[in-house]
Number of protein chains: 2
Amino acid sequence: MTVSRGPGDKTGGDSLHGLVEERLRQAAQRYTSGRRALVDLLAQAGHPLSIEDIAEQAPRMPRSSAYRHLVDLQQAGVVRRVAANDGYFRFELAEDITEHHHHLVCTYCGQVLDVTPTPAFEQAMNSYLASLTGSSGFVSDDHRLDVLGACATCNRARSARRDQALPRATPQPAGRP
Amino acid sequence: MTVSRGPGDKTGGDSLHGLVEERLRQAAQRYTSGRRALVDLLAQAGHPLSIEDIAEQAPRMPRSSAYRHLVDLQQAGVVRRVAANDGYFRFELAEDITEHHHHLVCTYCGQVLDVTPTPAFEQAMNSYLASLTGSSGFVSDDHRLDVLGACATCNRARSARRDQALPRATPQPAGRP
DNA sequence: TATACACTGAGAACAAGTCTCAATCCAACT
DNA sequence: AGTTGGATTGAGACTTGTTCTCAGTGTATA
Ligand SMILES: [Mn+2]
Ligand SMILES: [Mn+2]
Ligand SMILES: [Zn+2]
Ligand SMILES: [Zn+2]
């Protein structure tokens, strides 16, 4: 049985753990069972995980340890921290371990999905980024594209109702009491 | 003297305040001097402001009031809250008041700049978004593109040094004591 | 002027994320 | 096999951006 490790699943077999171990060694860190559990979670999720997601799927891991592991894995270049629209961080494997991808953010249920861009689009993206370097003196070395909308599930729920209104989960601020 | 209101400066003259007042009225809210001051700040900044930016430029406004005004203005559709890479929110005028734009995020000093995309790129973006709708059942109604890199100022500072290392402000997690 | 709400400021409350510290593990030696 | 020094871990205190509470003030409208 093969397990999907994210979009594209670049690293076949178990080279993933070897690669992670090597990067940790570079940072004088050990690849312990807690860290391995986290990497497995992130690899099998295929989309960025919140600390809540992690706590659900690894109930025995203390939150302080999870946070610290994530920091260490970031510093080793294994994990990337992404700021979602709701102000909470999500965590995913670094793109050079999985593959460059974008995010579909459902503004109703808050779920974040990975999607791999078409080569044509990335080409347009690159020429656009090149044009930015010239005009403003800004030198880009990465980009992040989030597509906001309704996922398939929430879409069905919405069209099932007469009124187009569904409770939104993500961008709505707190409001007045 | 004309004041830039953001990229493109869609609303000329003082129709901005009229528009804001109208949207607040729709939400049964008044356009008071504190709220007007905030709208002026956001309009003149031309890039998303942090609560710290706001406190600096409007020292007499209490933070609790600033936050509450921002919530009210969001609910009225005047302000948009953007989650920056450092985990803190920034605030800017809604895109249908200014113009659709993207963000240049400097990963060294944390500053966020607005940039208006070329029509060619937005066209590529639209066809890309259309392709997403088909495949996964996800229906997109908005997108957010953040370009990460080094702003002109930090770029100069970086090339002035022999080593390429500058202290990063944004994505670097806290580290171990 | 009276009345009913909306608005405001001060500060308490909340919670995601970070830090501290004592205990434990483990790779590298003898 | 035992020692040892540094890395790792769990529990909980702490920090701080953001939200909530509440009493007092402003302001439309009649
Ligand atoms: Mn891309
Ligand atoms: Mn765009
Ligand atoms: Zn959804
Ligand atoms: Zn900069």
Side-chain angles (χ1 to χ4, degrees), chain A residues 20-21 23-39 48-56 58-76 78-91 110 170-177, chain B residues 20-21 23-39 48-56 58-76 78-79 81-91 110 169-177:
Chain A
V20 170
E21 184 170 18
R23 294 198 185 181
L24 281 172
R25 194 191 339 269
Q26 297 284 339
Q29 307 260 321
R30 298 173 191 157
Y31 196 23
T32 59
S33 62
R35 290 169 180 174
R36 175 180 285 261
L38 259 181
V39 168
L49 296 184
S50 66
I51 192 67
E52 213 59 55
D53 296 332
I54 292 171
E56 279 174 20
R60 326 221 12 211
M61 180 180 297
R63 273 176 150 73
S64 61
S65 296
Y67 274 120
R68 182 175 36 216
H69 286 151
L70 290 168
V71 167
D72 296 339
L73 289 168
Q74 281 173 84
Q75 289 177 334
V78 174
V79 161
R80 183 172 69 155
R81 187 182 75 177
V82 329
N85 210 33
D86 54 12
Y88 307 146
F89 290 123
R90 315 280 163 116
F91 302 90
T170 307
Q172 223 67 306
R176 210 82 72 83
Chain B
V20 171
E21 184 169 20
R23 293 197 185 180
L24 281 172
R25 192 187 347 265
Q26 297 283 338
Q29 306 261 319
R30 298 172 192 158
Y31 196 24
T32 60
S33 63
R35 291 169 178 174
R36 174 180 286 259
L38 259 181
V39 168
L49 295 184
S50 66
I51 193 67
E52 213 60 52
D53 297 331
I54 292 171
E56 279 175 19
R60 326 224 8 215
M61 180 181 297
R63 288 197 178 205
S64 60
S65 296
Y67 273 119
R68 182 175 38 216
H69 287 150
L70 289 168
V71 168
D72 296 339
L73 289 168
Q74 281 173 83
Q75 289 177 334
V78 174
V79 162
R81 186 181 75 176
V82 329
N85 210 34
D86 56 8
Y88 308 146
F89 290 123
R90 315 277 162 121
F91 302 90
T170 307
Q172 222 69 306
R176 210 82 71 83

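Chain letters run A, B, ... following the sequence lines, proteins first, then strands; residues in each count from 1. Not measured: the values here are computed from a predicted model.
Counting to the nearest Å, the C1' atom of dT9(D) and the CZ atom of Arg36(A) are 18 Å from each other. Summarising the geometry, the separation between CZ on Arg35(B) and P on dA6(C) is reported as 11 Å, rounded to the nearest angstrom. The distance from atom CD of Glu21(A) to atom P of dT8(D) is 12 Å, rounded to the nearest whole Å. If you take CZ of Arg25(B) and P of dA6(C), they are 15 Å apart, rounded to a whole angstrom. In this structure, Gln75(B) places its CD atom 13 Å from P of dA6(C), rounding to the nearest Å.
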The test is side-chain contact (heavy atoms from CB on, under 4.5 Å); show your working for Tyr88(A) and Ile51(A) and say whether it passes. CA-CA 9 Å; Tyr88(A) 307 146; Ile51(A) 192 67; over 6 Å; no
Under 3.5 Å, N/O pairs linking protein and nucleotides 16-18 of chain D:
residue	atom	partner	partner atom	Å
dT18(D)	OP1	Phe89(B)	N	3.0
dT18(D)	OP2	Tyr67(B)	OH	2.4
dT18(D)	O5'	Tyr67(B)	OH	3.2

Table of protein N/O atoms under 3.5 Å from nucleotides 24-28 of chain D N/O atoms:
residue	atom	partner	partner atom	Å
dG26(D)	N2	Arg30(B)	NH1	3.4

Can you check nucleotides 10-13 of chain D for protein contacts, nitrogen or oxygen pairs under 3.5 Å, and list what you find?
residue	atom	partner	partner atom	Å
dG10(D)	OP2	Ser65(A)	OG	2.6
dG10(D)	N7	Arg68(A)	NH2	3.0
dG10(D)	O6	Arg68(A)	NH1	3.1
dA11(D)	N7	Ser64(A)	OG	3.2

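Scored by the salt bridge (charged side-chain N to carboxylate O under 4.0 Å, His left out) test, Arg23(B) finds Asp96(B) as partners (sequence neighbours excluded). Ser50(B) pairs by the side-chain contact (heavy atoms from CB on, under 4.5 Å) definition with Glu52(B), Asp53(B), Arg90(B), not counting sequence neighbours. With sequence neighbours left out, Arg25(A) forms a side chain to side chain donor-acceptor pair (under 3.5 Å) with Glu22(A). With sequence neighbours left out, the side-chain contact (heavy atoms from CB on, under 4.5 Å) criterion links Tyr31(A) to His17(A), Val20(A), Glu21(A), Leu24(A), Arg35(A), Arg36(A), Val39(A). By the side-chain contact (heavy atoms from CB on, under 4.5 Å) test, Ala55(B) is found to be paired with Arg63(B), residues two or more places apart in sequence or in another chain being considered.
The heavy-atom pair separating Ala84(A) from Ala83(B) by the smallest distance is O-CB, 3.1 Å.
Checking the phosphate oxygens (OP1, OP2) of dT9(D), a side-chain nitrogen or oxygen of Thr32(A) falls inside 4.0 Å. Phosphate proximity of dC7(C) to Gln29(B): present, with a side-chain N or O under 4.0 Å from OP1 or OP2.
Side-chain contact between Val79(B) and Leu38(B): absent, with no pair of heavy atoms (C-beta onward) separated by less than 4.5 Å. Annotation: side chain of Met61(A) is in contact with side chain of His69(A) (closest heavy-atom distance under 4.5 Å).
Between the CG atom in Leu49(A) and the CZ atom in Phe89(A) there is a gap of 15.5 Å [rounded to 0.5 Å]. In this structure, the separation between CD1 on Ile54(B) and CZ on Phe91(B) is 6.5 Å, given to the nearest 0.5 Å.
Defining each end axis of the helix from dT1(C)-dA30(D) to dT30(C)-dA1(D) as the rotation carrying four pairs' C1' atoms onto the next four, with five pairs an end, the two axes are found to diverge by 30° to 10 degrees.
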